[in-house]
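Below is one structure; the comments refer to it alone.
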Amino acid sequence: MLALDFIRKNPELVRRAAELKGEGAPVDEVLRLDGVWRGHLHKAETLKAEQNELSKEFARTRDESLKERLRQMADTAKSELSVADAVKRELDDLLLRVPNVFHESVPVGETEADNVVVREWGTRPELAFAARTHYDLGEALGIMDFERAARVTGSRFAFLLGEGARLERALVQFMLDVHTREHGYTEVWPPMLVNSASMVGTANLPKFADAAFKVEDSDLWLIPTAEVPVTNFHRDEILEVDRLPLKYVAYAPSWRTEAGAAGKDTRGFIRLHQFSKVELVKVTTGETSLDEFEKLTRDAEDILQRLGLHYQVMAMCTGDMGFAQYKKYDLMAWAPGLDRFLEVSSCSTFNDFQAMRANIRYRPGRGAPPKFAHTINGSGLALPRTIDAIIETYQRSDGMISVPEALKPYMGGVELIGAR
RNA sequence: GGACGGGUGGCCGAGUCCGGUUGAUGGCGCCAGUCUUGAAAACUGGUACAGGUGCAAGCCUGUCCUGGGUUCAAAUCCCAGCCCGUCCGCCA
């Protein structure tokens with residue numbers, strides 16, 4: 001969230017940022033409640049101070065004549081405070097609904113058409129035959145099954161079978177190895193259910209409750225991304241500055257309701273209620289966060305390059321970047337069969353927006369007061385669409401799929417999917 | 001799930017039965033200083049977080065797991081919840 005003090009001092013900036021993001025921001029209501037809250041709080045605290053003073057005198061003198069006055073003071077202070085608390089709760093709830101501002105380098109725009117290609121790697125593969133889609137190939141090879149998944153669970157679920165399941169496992173292993181051994185991330189295996197406070201910490205609540213699955217009769221949610229448990233790992237902590245940046249990589253399934261995506265990407269292994277993802281998370285200082293964000297994006301890109309997949313890096317425009325993000329890149333991998341780019345990674349930096357919600361701080365120096373950390377995360381990468389790009393890029397005219405060089409050590413000797 | 005025990009500052013650990021100003025004795029750690037060529041040891045001092053208010057120094061309020069309650073006053077008493085431990089039950 002944004003600091004109350006920041007909104008007090010920069011109401012216009014906050015209003016304009018929200019507008020460009022296509023979000024509402026209850027700035028006026030925040031400012032109004034802020035005034036009301038402070039009025040009652042001040043009154044309550046002044047009274048409490050007097051009461052404390054007099055109470056000390058009573059402890060000394062045991063003068064019974066003070067009793068009645070003390071009782072009244074206590075009553076008034078308590079009721080003032082309860083009004084102040086009620087207003088503050090309302091104010092806090094509102095604060096959680098004010099969107100983040102964005103970095104000056106973010107392109108201004110309304111829709112994904114206004115996103116900007118920052119760079120591109122590789123070229124579209126030239127196939128000597130008509131490219132087939134991953135679901136066409138996957139079903140023909142017997143490595144993907146959507147029909148049975150629909151029967152067993154419902155739409156937007158999938159079974160992977162045989163070499164398809166093996167490919168998924170190989171990719172997870174490969175990505176984790178690269179990020180831990182070569183990019184210096186610490187591997188994390190997180191809980192896959194989190195409580196509401198954690199969801200608030202990463203800004204999945206309160207605004208996006210309908211995007212996540214809630215466990216009935218409990219305060220637990222299925223994680224929409226490993227970002228939630230991993231970022232919240234340091235909730236309510238004060239970190240030592242020399243430990244920063246903290247770099248984590250976590251493999252976890254992610255669950256999303258996909259509310260509002262009805263009819264979109266219904267076909268294939270693209271938009272699922274459950275999907276695997278290797279997630280990168282960094283916690284760092286305000287001075288280094290933009291730089292660490294760029295590096296994290298490069299770390300995700302490195303996976304695509306090693307897999308030999310053609311991709312673009314898109315800078316998200318204000319209207320397409322989201323409520324909490326300060327700056328965001330999407331990595332789009334080319335899928336020849338679908339004849340379009342697929343979003344295989346989304347890398348974001350949040351400034352202290354998440355850290356304020358999750359209360360993650362660091363101490364800049366000895367004896368210095370704590371500051372809010374900056375959080376960064378990105379997929380490195382999301383599995384299904386990476387698999388799609390691999391299948392469609394490495395398909396052969398006979399419908400079999402060559403295993404990319406980088407994955408061969410992870411495929412247990414399988415170099416050609418569909419050969420047996 | 002049942003029974004019992006427990007949650008106190010960066011850490012350890014008093015205080016809780018018998019409420020009184022206690023943000024909380026003590027030790028460790030950390031920081032500064034003295035001493036020393038330097039370091040260690042020893043000694044001295046310092047060492048939480050949040051909010052309100054103020055130009056500032058400062059002042060005030062709150063915080064002993066969380067939320068309620070009793071009281072002029074709660075770390076301390078009462079209620080509920082969460083978490084941890086031990087035993088029993090169940091279980092991959």
Side-chain angles (χ1 to χ4, degrees), chain A residues 1-9 30-96 98 189-201 205-206 214-221 229 232-244 246 253 283 285 352-373:
Chain A
M1 58 191 218
L2 297 176
L4 184 51
D5 191 50
F6 180 82
I7 300 176
R8 278 178 200 144
K9 288 173 179 155
V30 164
L31 295 177
R32 188 185 70 80
L33 289 175
D34 178 42
V36 175
W37 167 60
R38 285 197 283 181
H40 287 286
L41 183 67
H42 191 67
K43 210 183 230 174
E45 289 190 346
T46 308
L47 249 123
K48 191 69 186 166
E50 288 171 24
Q51 187 203 335
N52 285 346
E53 224 19 75
L54 199 63
S55 186
K56 273 181 210 170
E57 194 185 322
F58 177 80
R60 259 198 326 272
T61 64
R62 299 282 160 179
D63 179 354
E64 287 295 320
S65 69
L66 296 175
K67 263 277 181 77
E68 185 51 31
R69 226 173 108 208
L70 274 165
R71 212 170 277 143
Q72 277 174 20
M73 290 173 92
D75 274 359
T76 318
K78 194 178 273 186
S79 69
E80 273 304 319
L81 192 64
S82 84
V83 174
D85 282 349
V87 175
K88 186 58 161 52
R89 267 194 298 277
E90 205 180 326
L91 177 57
D92 285 342
D93 182 66
L94 229 48
L95 280 174
L96 292 176
V98 177
W189 184 79
M192 289 163 209
L193 293 165
V194 294
N195 57 32
S196 294
S198 293
M199 290 287 276
V200 170
L205 286 180
K214 173 101 192 275
V215 177
E216 209 174 1
D217 297 326
S218 87
D219 184 43
L220 298 177
W221 302 74
N232 279 282
F233 183 68
H234 290 294
R235 200 170 77 214
D236 294 323
E237 290 184 15
I238 299 175
L239 305 161
E240 292 307 319
V241 70
D242 45 335
R243 286 182 61 200
L244 304 179
L246 295 166
V283 180
T285 64
D352 55 7
F353 191 81
Q354 288 185 324
M356 285 192 66
R357 293 169 160 251
N359 192 28
I360 302 168
R361 294 173 292 174
Y362 68 97
R363 205 175 289 284
R366 300 201 182 286
K371 290 172 83 167
F372 285 105

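Lettering of chains follows the sequences in order, A, B, ..., and the numbering in each one begins at 1. Only this structure's heavy atoms are used, side chains among them; waters, hydrogens and symmetry mates stay out.
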Do other residues, nucleotides or ligands put more than 12 heavy atoms under 6.0 Å from the NZ atom of A:Lys214?
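Correct, the count exceeds 12.
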Considering only side-chain heavy atoms of A:Ser55, which listed nucleotide, B:C49, B:G52, B:U21, is closest?
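Selected nucleotide (nearest to the side chain): B:U21.
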Do the side chains of [X] and [Y] get close enough for a salt bridge, i.e. N-O under 4.0 angstrom?
{"X": "A:Asp92", "Y": "A:Lys88", "answer": "yes"}
{"X": "A:Glu45", "Y": "A:Lys48", "answer": "no"}
{"X": "A:Arg38", "Y": "A:Asp34", "answer": "yes"}

Please give the distance between the [atom1] atoms of [N] and [M] as a whole number of Å.
{"N": "B:G45", "M": "B:A56", "atom1": "P", "value": "32 Å"}
{"N": "B:C87", "M": "B:U71", "atom1": "P", "value": "43 Å"}
{"N": "B:C4", "M": "B:U21", "atom1": "C1'", "value": "35 Å"}
{"N": "B:U44", "M": "B:U53", "atom1": "C1'", "value": "36 Å"}
{"N": "B:C65", "M": "B:C11", "atom1": "P", "value": "13 Å"}
{"N": "B:G19", "M": "B:G1", "atom1": "P", "value": "36 Å"}

Smallest separation among heavy atoms of A:Gln72 and A:Thr76, with atom names:
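Taking A:Gln72 first and A:Thr76 second, the nearest heavy atoms are O-OG1, 2.8 Å.
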[X] [atom1] to [N] [atom2], straight-line distance once rounded to whole Å:
{"X": "A:Asp236", "N": "B:U63", "atom1": "CG", "atom2": "P", "answer": "18 Å"}
{"X": "A:Asn359", "N": "B:A50", "atom1": "CG", "atom2": "P", "answer": "8 Å"}
{"X": "A:Arg361", "N": "B:G10", "atom1": "CZ", "atom2": "P", "answer": "10 Å"}
{"X": "A:Asp219", "N": "B:C83", "atom1": "CG", "atom2": "P", "answer": "10 Å"}
{"X": "A:Arg363", "N": "B:G10", "atom1": "CZ", "atom2": "C1'", "answer": "9 Å"}
{"X": "A:Lys48", "N": "B:U21", "atom1": "NZ", "atom2": "C1'", "answer": "12 Å"}
{"X": "A:Glu45", "N": "B:C60", "atom1": "CD", "atom2": "P", "answer": "12 Å"}
{"X": "A:His42", "N": "B:U61", "atom1": "NE2", "atom2": "P", "answer": "12 Å"}

How would you label the contact of [X] with the nucleic acid (heavy atoms, under 4.0 Å): base, sugar-phosphate, or nothing?
{"X": "A:Glu68", "answer": "nothing"}
{"X": "A:Arg8", "answer": "sugar-phosphate"}
{"X": "A:Pro370", "answer": "sugar-phosphate"}
{"X": "A:Arg62", "answer": "base"}

Starting from the 5' end of RNA chain B, give me the residue, A:Leu4 or A:Ala74, whose nearest nucleotide shows up first.
A:Leu4
Along RNA chain B (nearest heavy atom to each residue), the more 5'-positioned of A:Ala49 and A:Lys56:
A:Lys56
Identified pairing partner of B:U22, criterion: Watson-Crick or G-U wobble below 3.5 Å:
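Its partner: none found.
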Within a strict 4.5 Å, meaning less than it, do heavy atoms of the A:Trp37 and A:Leu41 side chains meet?
yes
When you measure from the side-chain N and O atoms of [X] to the phosphate of [N], is any distance below 4.0 Å, counting only OP1 and OP2?
{"X": "A:Asn52", "N": "B:A73", "value": "no"}
{"X": "A:Arg38", "N": "B:G51", "value": "no"}
{"X": "A:Lys78", "N": "B:U70", "value": "yes"}

